[in-house]
Every structure is written in C-alpha cells, then in structure tokens.
Amino acid sequence: MLGIAGDGGFVIVDLDRQGHETGRITGAAEDLAPAVRLHEQRRSPRWVLADSAEACPPLLADGVRLARAHDLRLVHRILAGSELVRDPGPLRGAAAWAAPLEEHVPSPEEHAALFELGASSGGGRGGVPHGIDEMLAELARQRTAIEGSDGPDRLRLLAAGESVGGLVAAELHAAGIPWDVEAHDAILRAVLGPRPAHEQTPPEMVRAAAEVRTALGDPRVGLDSPPRLLRALHRAGIDAPSTSRWDLEAIDHPAIAPLLRYKKLSRLHTANGWNWIRTWVHEGRYRPLYAPGGVVTGRWAASGGGALQIPRLLRPVLTADPGWVLVGADVAQLEPRVLAAMSGDTAMARAGAGQDLYAGIVDAGIVPTRQEAKIAVLGALYGGTTGDSGRLVPRLRSTFPVAMALVDEAARTGERGGTVTTLLGRSSPPPEERWSRSQRTANGPDASEAEQALARRSARDRGRFTRNFVVQGTAAEWALTWIALVRQSLDGLDPVPEHAAAARSGPVAAHRAHLVYFLHDEIVVHAPREHADAAAAAIRAAAEGAGRLLFPGSEVDFPLDLEIRDPSALP
DNA sequence: AGGTAGAGCGCG
DNA sequence: AAAGCGCGCTCTACCT
C-alpha cells in the first residue's frame, strides 16, 4: 500500500499488508506525476489518498490514472456511521475527516479552477487533513474499524467500491460529456423558436404567455411568480389549489393548455437554454462535478449545471467524437431487483427473470396491467399508502412476502427511531434530536392530541425514509460495483491509434474507451468505433459480475437496455 | 444589498 | 391515474 499527500511537495510511503512502513519517497510537486506513473506501472498498488477529488485531477491532466485506491475521506464517512463498526469512537473523534463534501456550490469559474488546474496548495478541500502522519493515523483507525467489524468482507467491498467511485468521479469530470452544441441549439430553436437577442424571452414563450393572458382576460399578468399567477387564476374564476402541473392538469379551462406549455418552455429555457450552454459547455465537453456518496443513501450527487437532471429531450445531444461511438446502458428496474436479491425472495426473482419485472408481475396474475404493477412496486419501495398505490401494495405483500417483510421491517425500525443498514454496511443517519424529543413528548402522559398526531406523522415520514434507504442504498452499491467492473474491463482494451483519438477527453481518455456519464442506474461509455462491441460486452459482463459479487447464488438477474450510437452511421 | 425558504420541475 | 423515496437548480418572495 502507498500513501500520498500533496502539500506543495509530495510523499509516497510504501506500506506492507499489515500497514507497516517499508519505504518512503519525497519530491517536489512537479515530479509527482512521473513518480506515480512509475509506481503504478511497476507495482500496481492500492493508493491511499486523503481525498481523490483533490489528488486525481492534476494527475489526470498529466496523463496518469490510478487503477486502485483507498479514499480516506470517502471511507471515513461510511465507517463513522456504520452499524457494523463495533467501536466508532476513534473515527468519530477524528472529526476533520468528516468534513462536508462541498462547502458551497462552486461558481463556473471555481469549477474550472478547482478541477482543471488541480489547484492544490496545501490545506485541502473542506479541511480534510493531508499530512502523511494524519493519513497514516486515519488509515490505521479505518483498518481497525473494518477488521474488527461485524462484516469485514462487506465493508472491505464497500470501501473499495466507494474509492473507485472517487477515481471514476474525477475521471468523468476530466473526460467530460461529449456535447454537440449545434444539436442542442437546434432542439432549443425547434421548441422555443429562434434564439432571441440577449436576455429576451424566446418567441414561443411569448406566444404561449399571450394565449394565457387572453384566455384569462388579464393582459398584464406575469406567469413566473406562483403567488401572482394563483391570484390571477382565482380572479378568472379558476379554482386551482396551486399552480403546479399536477393540479392544473385537472382543470378544464382554455387558459390551462397554453399555461402548461409556457411552464414547459420556461423550464427548458431557464434550466438548459442558451445560457446554460454558454456557462457549462466548453470545446464540446460538459464537465460537471460528481460527488460519490454525496446523497445519504450512497447515491452520487453532482453539481454544476444539473448533470443528473439533463432532460430526456436533450439526451440526443450527447454525441460521440468522429471515429467514436457512445454506448449507453441502463438497468431495467434496478431497485426492485435489488430488493428481490437482498431479501432472497425467490418468487420476486422469478417474476423478473429474463424479462421486464413489471410484465412478470402481470403474467403472475397479481395485477392486470404493467402500469399497476409499477405503481404497486414503487408504492412498496416508497411506502405509498393512499390511492392506487395503497390499494395495490397489499397484493404484493401476499405474493412477495419475503421482499415485503424486508422493507416493512426497515420502515418499523425507522419509525422507532432506529438505524437501518444497506447490504454492504452503509447506515442511515440517526434521527435528529428534535425528532426524538417530539416522539418522547408525544408518548408522555400530558401530550395533546395535536402533538400525538404530529409525532405519528413524523414517525411515518421517517419510516418511509428508512424503508427506501435500504433499497436505494443497496442499489447504489450495486451500481458502484457495476461501474468499477466496467472501468476495469475497459482498461483491458488496447489503446487505439492516434488518428481515432478523442483528444478533447484529455490525455488519459484520449486513446481508450472510457466512462463519460453515470446516473444512478445508467452509464454512457465513449468508445473508439472498433471497440463498440467490446465495450458493450464489457458493460453486460460487468452487470452480471456485480450481481454475483453482491448476491452470490441469487437467481435475480440484472438485464440491461443497451444502445450503441454511432454518429456517422446512416440513419 | 444579501441571504434564505418555498414553489415548482427536471432526473433516477 | 397517483403523489410515496432521494436529489439540484431557478425563480420569486420575504427576511434581516
């Protein structure tokens, strides 16, 4: 094992399997990349990093990538909260390692400065320690915590996966999403009309707004302020409870259709319009920041342009470089499959085997339509109690009792104020002090009716959170394993000749198939055309591998929807 | 003027 | 047809 720290210069410490130091190299910052490259080639070590988000970008810029890592910051966050760790005291005492992932959302300029120049002048982001002694001490705490835990194998797998996530996150940012600005502009023009002069409202929005004003008989009303709009609707005799799409759709009035159209256009224009392109796309690449484990459940977060909310309308804008293709893959019904596998519910496993899980539920005669199957399953995962969801979930409970018992138990634990844990050992946060206090008060002798009702509601809210946590969190672990295996096997492909290189993806990705996008249960790989089929095969094999690693012996499969997009292919 | 909360909507 | 989980971002209203 090796440790690495960047405080102007660098230190590389060799460690043996027991964590004892066997050698040490120091050097100046400018010599870091060559030194790391040499170690990587000769030893292929597991690099111990204080914070891969800070360590990787300058290395990637110099064409150096790490195959394996242990990210002290990311792993600390997991271990300090994991129920599997018997004595989390030492970890919790080392609070500097629990620094928030991001102090604030960086401006576009900071984005560039932080990650493209790899500006690391001592300190470290968010106060994460970078001194070699602090790193060695934290590594020792983490090893002790894992080895003495109630699930060392699970936590080792999670630590490795989360750490690869740190590497992948940095690599995704460095490579960027290949973004066809002209295609984006064409879609905007088709939907919003010709691009207006700066900061003007696009023509189609103007047109929709005029129709709304005519229909309301209110020539001046603005549509961008919900309170004003709601008052205007009321004045026009429209009894809308709110201005949300859901409520408006239920209303029959000539103003509603153009209003909904206006909202749709406005959303596209403000969130992903011409301004967005100018701000976030440079030289054909969109480079958001990814934060592995940025969500409590272990899902990734992202910042900078809303990378995880790219509208489906704009997905065609992702376009491979000349000579390259995009291979997109997503898992069909990941979360219910994960539930079936982790609970060991063989009936549920069979419903999804080799086919659409919802269709399988229809085939089994549990509900008449696919749509109802979906509502039932989502209700089971989210804790739906009303409407169709409340009506359909009980049918699932009698057909898939094992799977339902797992989520129902997680919900009961949460309602009691308890903690739940994913398959690999990530635990839900404990309830806030306010929550516990209100539960105690409500159970006291002189609690009011209102206090009790409020406490019951917040208990059920927390139950729905913990119910979903075990499934969403374990699904995130499956996805992490999937991308780790995809990355590993793409690295095994031969580099392609220079003429086919996607140079804009940076030196590390220029000659090889590489990941360019990851969204919970979906990935996109940018691959040289001659590697399209190999990349697709790698993605499928990785999904099978992730299933076997997390759920050995399970019948549950993880089928993919996979598509190879070749921009030069004839339509 | 500047910070924050809420509404609303995009994604899974 | 139905609102149950997790997010980030933009705009507006409202606060200091």
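Below, each value reflects all heavy atoms present in this structure, side chains not excepted, and no hydrogens, waters or symmetry copies. Proteins get letters first, then strands, A, B, ... in listed order; numbering begins at 1 in each.
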Indicate, with a heavy-atom threshold strictly under 4.0 Å, whether [X] touches base, sugar-phosphate, or nothing.
X        : answer
A/Trp246 : base
A/Arg391 : nothing
A/Gly384 : base
A/Leu381 : nothing
A/Ala302 : sugar-phosphate
A/Ser266 : nothing
A/Val296 : sugar-phosphate
A/Leu334 : nothing

Between [X] ([atom1]) and [N] ([atom2]), how many Å, whole number?
X        : N      : atom1 : atom2 : result
A/Tyr290 : C/dC7  : OH    : C1'   : 15 Å
A/Asn272 : C/dC11 : CG    : C1'   : 15 Å
A/Glu249 : B/dG8  : CD    : P     : 14 Å
A/Leu229 : B/dG8  : CG    : P     : 9 Å
A/Leu223 : C/dT10 : CG    : C1'   : 16 Å
A/Tyr382 : C/dG6  : OH    : P     : 10 Å
A/His520 : C/dG6  : NE2   : C1'   : 7 Å
A/Arg267 : B/dC11 : CZ    : P     : 8 Å

Quick one about [Y] and [X] (side-chain donor to acceptor, distance below 3.5 Å, no hydrogens or angles considered), yes or no?
X        : Y        : value
A/Asp224 : A/Tyr262 : yes
A/Thr421 : A/Ser427 : yes
A/Thr369 : A/Glu372 : yes

Which listed nucleotide ([options]) is nearest to the side chain of [X]?
X        : options                : value
A/Phe465 : C/dA1, C/dT10, C/dG6   : C/dG6
A/Pro311 : C/dA1, C/dT12, B/dC11  : B/dC11
A/Ser244 : C/dA13, B/dG8, C/dC5   : B/dG8
A/Thr297 : C/dA2, C/dG6, C/dT12   : C/dG6
A/Arg228 : C/dC11, C/dA13, B/dG10 : C/dA13
A/Asn468 : C/dA1, C/dA13, C/dG6   : C/dG6
A/Pro227 : C/dA13, C/dG4, B/dA7   : C/dA13
A/Ser242 : B/dG8, B/dG12, C/dA13  : B/dG8

Please check if atom CZ in A/Arg370 has more than 12 non-hydrogen atoms from other residues, nucleotides or ligands closer than 6.0 Å. yes

Return yes when atom CZ of A/Arg315 has more than 12 non-hydrogen atoms of other residues, nucleotides or ligands closer than 6.0 Å, and no otherwise. yes

Between A/Arg245 and A/Gly306, whichever has its closest DNA chain C nucleotide further toward 5' is A/Arg245

Assign each of A/Gly390 and A/Arg231 the nucleotide of DNA chain C bearing its closest heavy atom; nearer the 5' end lies the nucleotide of A/Gly390

Please determine whether a side-chain nitrogen or oxygen atom of [X] lies at a distance below 4.0 Å from atom OP1 or OP2 of [N].
X        : N     : answer
A/Lys263 : B/dC9 : yes
A/Lys374 : C/dA1 : no
A/Arg460 : C/dG4 : no
A/Thr243 : B/dG8 : yes

(message) Given the ring of A/Trp97, does A/Arg77 sit roughly above its face, with NZ or CZ under 6.0 Å from the centre of the six-membered ring and within 45° of the axis?
(response) no

Value for CD (A/Glu522) from CD1 (A/Ile483), rounded to nearest 0.5 Å, stands at 12.5 Å

The Watson-Crick or G-U wobble partner of C/dC14, with both key distances under 3.5 Å, is B/dG3

- Task: Kindly say whether, by distance alone, the side chain of A/Arg299 makes a donor-acceptor pair under 3.5 Å with the base of B/dG12?
- Result: yes

message = Using only modelled atom types and a 3.5 angstrom limit, is any donor from either the side chain of A/Gln472 or the base of C/dG6 paired with an acceptor on the other?
response = no

